Amino acid sequence: MFSKGFLTPFVTGVLGSAAFYTVFDKISHKSRVDPEKFDFLKVPEDSSVLEDTKKLEQARSILKYGAPSQGPYLRFYENHVLAYDQSKRTPIWVAEYLTKANVEGPANRKNVKFRPDPNVTVMYTAHNSDYLGSGWSRGHMSPAGDNKHSQEAMRESFYLSNVVPQDLQNNGGFWNRLEMYCRDLTKTYQSIIIISGPLILPQERNGKQIVEYEVIGKSQVSVPTHLFKVVLAESDSMPTKPLGVFIVPNKPIGFEHSLTEFQVELEELERVAGVTFLPKLDRKQVSDLCKVNGCKLMKKEKFQLYFITRKIQSSRSIKHLDKVWGELEENKLQPDEYMVNLYNSKREELMNVEKDKSNVTK
DNA sequence: CGGTTCAGTGAT
DNA sequence: ATCACTGAACCG
């Protein structure tokens, strides 16, 4: 599963860290605890307290029936790794490793549906019914567009463990453009490591800091106030690794706003999230992505042209095709040569299809 | 690209 | 009756 070349460096790092430390690993060479009789082997990395044998013996009584569990900390998928919050029914963070090769390919959304993650205990998972009619859209953390190389990876990205309730305009607009920007970085850098997730931040009210958030559906899925994205770019040839960290409000954000408005220091995000995101990264060799690369998202005109192009490609009738073409006029957009050619060839293709159809009915 | 909604169909 | 699945139409 992890034998793919592009995954190796990342996964090696993960496996080498806290994930698979057990009490046995940590203390067996120092104490005489029999791991066979020890029924709560999985503990956090910072288990130094248990190195004291007396305390460990005591813990065996205290945790006689097992240590309270919040489920596995790390969950592995073909193209992403995530930590899941069983209480909020959303991920805590979702990490991806992007290369040019895995953001392009034939995989598509057809016949792929959002569904509860079968790896999450049913009573702790979100369901489609929670989102339906809630007013919130299902926002990917590892986006479908990052998994174009593998239909299986794309299918897994639609598990609700990879999804948070997201404002629809934000999801299809600003956040979408941020995701496109990240994919675009693979043209400049060999690999991009991205960690995304939801935040529930306190708001000031009457001089007090109040945490307030909506929950949706029978499962009470938590609606985040903000979303974050950590973007680290690297190439073998480069001495520094450009890093950009962003905290974006979960609401509509128009084209007048630039990405840099939402940039924060990594430490700032770590403080509010309570998560150390890149513990093994030497922060001395980090540079500012927005100074190096600009952090410029697609402008309004280009963005509109982009999804009109997509609609032309997916048109299945001349009527629809011409309606989409009319959107150019409505929005006073100038199609480039590529679009004109695309329109003409698509029109011809559909002419033939519809002609065949009418012949069959005759 | 990112999504939702609604109508029709078939299975339990 | 209700749920799952699919396609068509819709939005920015």
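Letters A, B, ... are given to chains in the order of the sequence lines, protein chains preceding strands, and every chain is numbered from 1. This one's a predicted model, so the numbers in the text were calculated from it and none came from an experiment.
A/Arg115 comes within 4.0 angstrom of no nucleic acid atom, judged by non-hydrogen atoms across all strands. Backbone-only contact: A/Glu179 has heavy atoms under 4.0 Å from sugar-phosphate atoms and none from a base. Counting non-hydrogen atoms under 4.0 angstrom, A/Lys148 reaches the backbone sugars and phosphates but no base. Across all strands, A/Gly173 comes closer than 4.0 Å to no nucleic acid atom at all (heavy-atom distances). A/Arg177 comes within 4.0 angstrom of no nucleic acid atom, judged by non-hydrogen atoms across all strands. Within 4.0 Å of A/His140, counting heavy atoms only, lie sugar-phosphate atoms of the nucleic acid but no base atom.
Ring orientation note: the planes of A/His257 and A/Phe262 are tilted relative to one another, at an angle of 30° to 60°. Classified by interplanar angle (parallel below 30°, tilted 30° to 60°, perpendicular above 60°), the ring pair A/Phe158/A/Phe114 is tilted.
The salt bridge (Lys or Arg N to Asp or Glu O under 4.0 Å) test applied to A/Lys241 returns A/Glu234, not counting sequence neighbours.
Between B/dC1 and A/Arg109, no contact under 4.0 Å exists linking OP1 or OP2 to a side-chain N or O. Contact between the side-chain N/O atoms of A/Asn176 and the OP1/OP2 oxygens of B/dC1 is not found at any separation under 4.0 Å. Note on A/Arg138: every side-chain N or O is 4.0 Å or more away from OP1 and OP2 of B/dG3. At least one side-chain nitrogen or oxygen of A/Lys110 sits closer than 4.0 Å to the OP1 or OP2 atom of C/dG7. Distances shorter than 4.0 Å separate some side-chain N or O of A/Lys113 from OP1 or OP2 on C/dC5.
With ring centers used as reference points, A/Phe246 lies 6.0 Å or more from A/Tyr181.
Atom pair A/Leu328:CG and C/dG12:C1' shows a separation of 15 Å (rounding to whole Å applied). Per the geometry, CG belonging to A/Leu305 stands 14 Å off C1' belonging to C/dG12, to the nearest Å. Atoms NE2 (A/His320) and C1' (C/dC11) sit 11 Å apart, rounded to a whole Å. The distance between atom CG of A/Asn111 and atom C1' of C/dA8, rounded to the nearest whole Å, is 14 Å. Protein atom CG of A/Asn162 is 14 Å distant from nucleotide atom C1' of B/dG2, rounded to whole Å. Straight-line distance from the NZ atom of A/Lys323 to the C1' atom of C/dA9: 8 Å, rounded to whole Å. Between A/Phe174 atom CZ and B/dG3 atom C1' the separation is 18 Å, expressed in whole Å. Rounded to whole Å, atom P of C/dT2 lies 19 Å from atom NE2 of A/His127.
A/Tyr97 and A/Asp146 form no side-chain donor-acceptor contact under 3.5 Å, judged by distance and modelled atom types alone. With no hydrogens or angles considered, a side-chain donor-acceptor pair links A/Thr260 and A/Ser258 at under 3.5 Å.
Under 4.0 Å is where a charged nitrogen must lie from a carboxylate oxygen, and between A/Lys54 and A/Glu57 no such pair does.
The stretch residues 306-314 of chain A touches DNA chain B through A/Tyr306, A/Phe307, A/Arg310, each having a heavy atom within less than 4.0 Å of the strand.
In the set B/dG2, C/dG12, C/dT6, the nucleotide with an atom closest to the side chain of A/Arg183 is B/dG2.
Contacts classified as side chain to side chain donor-acceptor pair (under 3.5 Å) and involving residues 116-125 of chain A (residues at least two apart or in different chains) are given here: A/Tyr77-A/Asp117, A/Asp117-A/Asn119, A/Asp117-A/Ser161.
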